[in-house]
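Read the structure below first, then the notes.
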Amino acid sequence: MMEWLLGNLSFAFAFHKAQPAAIVDEIIRIWLDIVTPGRGAGESNWLFKGIRSIEQQAERASRELNMRSDLRRWDEDFPWIHHELIVRYICGGMASTTVMFLYNSLRGDKNRRR
């Protein structure tokens, strides 16, 4: 009973406290860091370094705009499951799972043999 109550309370708290915009922004930032290529060979002088830096920034901005437009399109196509709602459900589920795991770990298993 207590496990069920703690799980539901933690889910509700995390669901309402989650900031989906900040989480989505961070996910996009991390994804762009992984996908956008870094510096390559042939950047021996300042001119080529500057040109490559501009290319990377332009590519990164282009990919970010594409990702955000895909999210907007998702929200228009599936308004009943908005991407921010998905983020809130995932946060709530993670909080609930973590609290139930900690509760069971701290409480200990009463049926365990010694």
Side-chain angles (χ1 to χ4, degrees):
M1 175 69 175
M2 186 63 140
E3 181 181 350
W4 177 83
L5 181 64
L6 287 175
N8 284 332
L9 287 176
S10 62
F11 181 90
F13 180 78
F15 184 87
H16 290 289
K17 282 299 211 179
Q19 297 175 347
I23 295 170
V24 169
D25 288 344
E26 189 65 21
I27 290 171
I28 289 174
R29 187 189 64 76
I30 291 169
W31 181 251
L32 289 175
D33 286 344
I34 293 169
V35 174
T36 305
R39 294 198 158 134
E43 296 181 1
S44 58
N45 68 27
W46 64 271
L47 178 62
F48 290 124
K49 287 181 183 178
I51 291 172
R52 182 65 181 149
S53 175
I54 291 170
E55 289 174 350
Q56 286 175 342
Q57 290 173 358
E59 183 177 354
R60 186 178 178 94
S62 171
R63 288 184 182 205
E64 182 175 357
L65 287 174
N66 287 340
M67 290 177 74
R68 292 190 185 278
S69 67
D70 289 343
L71 284 174
R72 255 191 310 295
R73 193 173 323 112
W74 170 273
D75 294 339
E76 291 170 0
D77 292 346
F78 306 103
W80 61 90
I81 185 128
H82 198 272
H83 75 275
E84 292 183 356
L85 187 61
I86 294 171
V87 170
R88 287 184 184 272
Y89 277 125
I90 291 172
C91 289
M94 289 173 56
S96 176
T97 302
T98 302
V99 167
M100 288 189 298
F101 173 76
L102 289 174
Y103 176 76
N104 287 331
S105 296
L106 294 175
R107 185 183 69 165
D109 191 8
K110 294 179 181 177
N111 296 329
R112 182 176 45 179
R113 288 186 175 169
R114 295 183 184 179

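Just so it is clear, the values below take in all heavy atoms, side chains as well, and ignore hydrogens, waters and symmetry mates. Quantities reported herein were computed from a predicted structural model and do not represent experimental measurements.
With hydrophobic clusters built from ILVMFWY side chains whose heavy atoms lie under 4.5 angstrom apart, I23 does not share a cluster with I81. Linking Ile, Leu, Val, Met, Phe, Trp and Tyr residues whenever their side-chain heavy atoms come within less than 4.5 Å places W80 and I90 in a single cluster. Hydrophobic clustering of Ile, Leu, Val, Met, Phe, Trp and Tyr side chains at less than 4.5 Å, counting indirect connections, keeps L85 apart from V24. By the rule that hydrophobic residues join a cluster once side-chain heavy atoms approach within less than 4.5 Å of another member, W31 and V87 end up as members of one cluster.
Residues G7 and M100 come closest through the heavy atom pair CA-CG, 4.1 Å. Across all their heavy atoms, R88 and A18 have their closest contact at NH1-O, 3.3 Å. Of all the heavy atoms in S10 and V99, the pair that sits closest is CB-CG2, 3.6 Å.
Residues satisfying the side chain to side chain contact (heavy atoms under 4.5 Å, CB included) criterion with D33, sequence neighbours excluded, are R29, R60. Residues passing the side chain to side chain contact (heavy atoms under 4.5 Å, CB included) test with I30, sequence neighbours excluded: E26, I34. For E55, the side chain to side chain contact (heavy atoms under 4.5 Å, CB included) test picks out I51, R52, with sequence neighbours left out.
In this structure, the separation between CG on L65 and CG on D70 is 11.0 Å, given to the nearest 0.5 Å. Note that CZ of R63 is 13.5 Å distant from CD1 of I28, once rounded to the nearest 0.5 Å. Between atom CD of residue Q57 and atom OG of residue S53 there is a gap of 4.0 Å, rounded to the nearest 0.5 Å. One distance of note links CE of M2 with CZ of R107; it measures 10.5 Å at 0.5 Å rounding. Between atom SG of residue C91 and atom NE2 of residue H16 there is a gap of 12.5 Å, rounded to the nearest 0.5 Å.
Of the charged side-chain nitrogens involved, none lies within less than 4.0 Å of a carboxylate oxygen, so that D75 and R72 do not count as a salt-bridged pair.
Contact annotation: the side chain of F78 never approaches that of I86 to less than 4.5 Å [non-hydrogen atoms, C-beta and beyond]. Between D25 and R68 there is a side-chain heavy-atom pair separated by less than 4.5 Å.
Between the S62 side chain and the A58 main chain, no donor and acceptor come within less than 3.5 Å of each other. Checked by atom type and distance alone, the side chain of T97 never pairs as donor or acceptor with a backbone atom of M94 at under 3.5 Å.
The aromatic rings of F11 and F15 lie parallel to each other, with less than 30° between the two planes, well short of the 60° mark.
Atom OH of Y89 is surrounded by 12 or fewer heavy atoms from other residues, nucleotides or ligands within 6.0 Å.
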